[in-house]
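Working notes for the structure below.
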Amino acid sequence: MGKIIAVGNQKGGVGKSTLTYNLAVSLAKRNFKILMVDADSQSSLSQSVGIDPMQMEYNITTLFDSKATEHIADAIYDLGIEGLDINIIPSTPMLASVEMNLFQAQNREYKLKKALGYIKDYYDFILIDSQPSLSLLPINCISCADYLLIPAEVSRLSHFAFQLFNDTVSELTEEINENLKILGVVATMYDSRISEDKVVLEDLKENHTVLGVIPRASAAKKFVRIGSCAVLEAPKTKISLEYQSIADKIITMVEEDK
Ligand SMILES: Nc1ncnc2c1ncn2[C@@H]1O[C@H](COP(=O)(O)OP(=O)(O)O)[C@@H](O)[C@H]1O
Ligand SMILES: [Mg+2]
């Protein structure tokens, strides 16, 4: 049965979409069947796999439309990477207006949960790249997830914002998804030459389960530009090995949880 992992942080630009893509590839390399769900209206995950968000008739908004249930399968696209079983439900800038309409909807916190319920069992892992805010869209991501993975950018880490997110997640968990488990934090954009980064990382490790530390690497942007990711293009580099080690830890945690 498919396990749903929401990748979430209320800040943008922390490496969330990059983490989602690299983890998806790392898990698929271990022969798991993967679905990525781009639930961010900025659509950067969709763009980074080479999809033009404006061209897809069916997409993430289909999952929020109760009348379009029969088209959910049409919103799933194969990445077409040889030997890897990775699908994606792409996003679109239209997702922003869907969120506005959600406010009046019944069961507005559970729309995504209901839609993913139809397809969940076809996958081993569903990774949701959620939007950097704490509004109804990310709440939908949290309400359907079995697990939450929190990327935190070391160099810009605001302890206050992180704490706020943690507190809000605890509150949400109590109210809308008491079964949600926090897998841990992934420290991102780490630069070992910067002493302040070291201090922040130590602080993070003292207070949270840190599953891995992703170094700042200039190649990351290039991989996005060519519609790929580090684990696909350069699997033996330090950054790729770290993504794969995080994926292995997640597999162990999920299997121990069964
Ligand atoms: N390890 C890294 N080192 C340097 N730049 C990175 C790294 N990971 C991601 N980036 C770049 O930082 C920007 C934000 O990353 P992204 O994954 O889109 O963040 P988010 O989804 O949290 O907004 C992108 O331009 C991406 O290419
Ligand atoms: Mg993103």
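When a ligand or atom number is given, it counts from 1 through the structure's own listing order. The first residue of the sequence shown is numbered 1, and numbering continues consecutively from there.
Of the polar atoms of I214, none of the N or O atoms is found under 3.5 Å from an N or O of ligand 1, judged by distance alone. Polar contact check, K16 against ligand 1: a nitrogen or oxygen pair lies under 3.5 Å apart. Checking only distances, D129 never comes within under 3.5 Å of ligand 1, N or O to N or O.
Not one N or O on the side chain of N22 forms a donor-acceptor pair closer than 3.5 Å with the backbone of Y243. With hydrogens and angles ignored, the 3.5 Å screen pairs a side-chain donor or acceptor of N9 with a backbone N or O of P151. Proximity of a side-chain donor or acceptor of Q131 to a complementary backbone N or O of S41 within less than 3.5 Å is detected.
The single protein non-hydrogen atom nearest to atom 23 (O) of ligand 1 is G13 N, 2.7 Å, given as residue, atom name and distance. In this structure, atom 19 (O) of ligand 1 lies nearest to the protein heavy atom G15 N, 3.0 Å.
In P215, the part holding a heavy atom less than 4.0 Å from any atom of ligand 1 is the backbone. Under 4.0 angstrom from ligand 1, the non-hydrogen atoms of T18 come from both its backbone and its side chain.
For ligand 1 and A217, the ligand atoms under 4.0 Å from any heavy atom of the residue are 1 (N), 2 (C), 3 (N), 4 (C), 5 (N). Near V224, meaning under 4.0 Å from one of its heavy atoms, ligand 1 places the atoms 27 (O). In the vicinity of I239, heavy-atom distances shorter than 4.0 Å reach the ligand 1 atoms 1 (N).
A salt bridge between D124 and R30 is absent, with no side-chain N of the basic residue lying under 4.0 Å from a carboxylate O of the acidic one. At a threshold of 4.0 Å, the pair R216-E153 counts as salt-bridged, since one of the basic side-chain nitrogens sits closer than that to a carboxylate oxygen.
With atom 8 (N) of ligand 1 as the reference point, the heavy atom nearest to it among K222, M189, K221 is part of M189. Considering L19, V14, N9 only, the shortest heavy-atom separation from atom 22 (O) of ligand 1 involves V14.
Per-atom contact check: atom 6 (C) of ligand 1 touches the protein, criterion being a heavy-atom distance below 4.0 Å.
Tested against I60, the residues D40, L112, L137 include a single side-chain contact (heavy atoms from CB on, under 4.5 Å) partner, L112. Among V25, V7, V49, the single residue meeting the side-chain contact (heavy atoms from CB on, under 4.5 Å) criterion with M36 is V49.
What you find for K249 and L211 is that their closest heavy atoms are NZ-O, 2.9 Å.
Ring-plane geometry between F125 and F32 is classed as perpendicular, the angle between the planes exceeding 60 degrees on a 0 to 90 degree scale with a lower cut at 30.
For a distance bound of 2.8 Å, the N, O or S atoms of S17 include one lying that close to the Mg ion (ligand 2).
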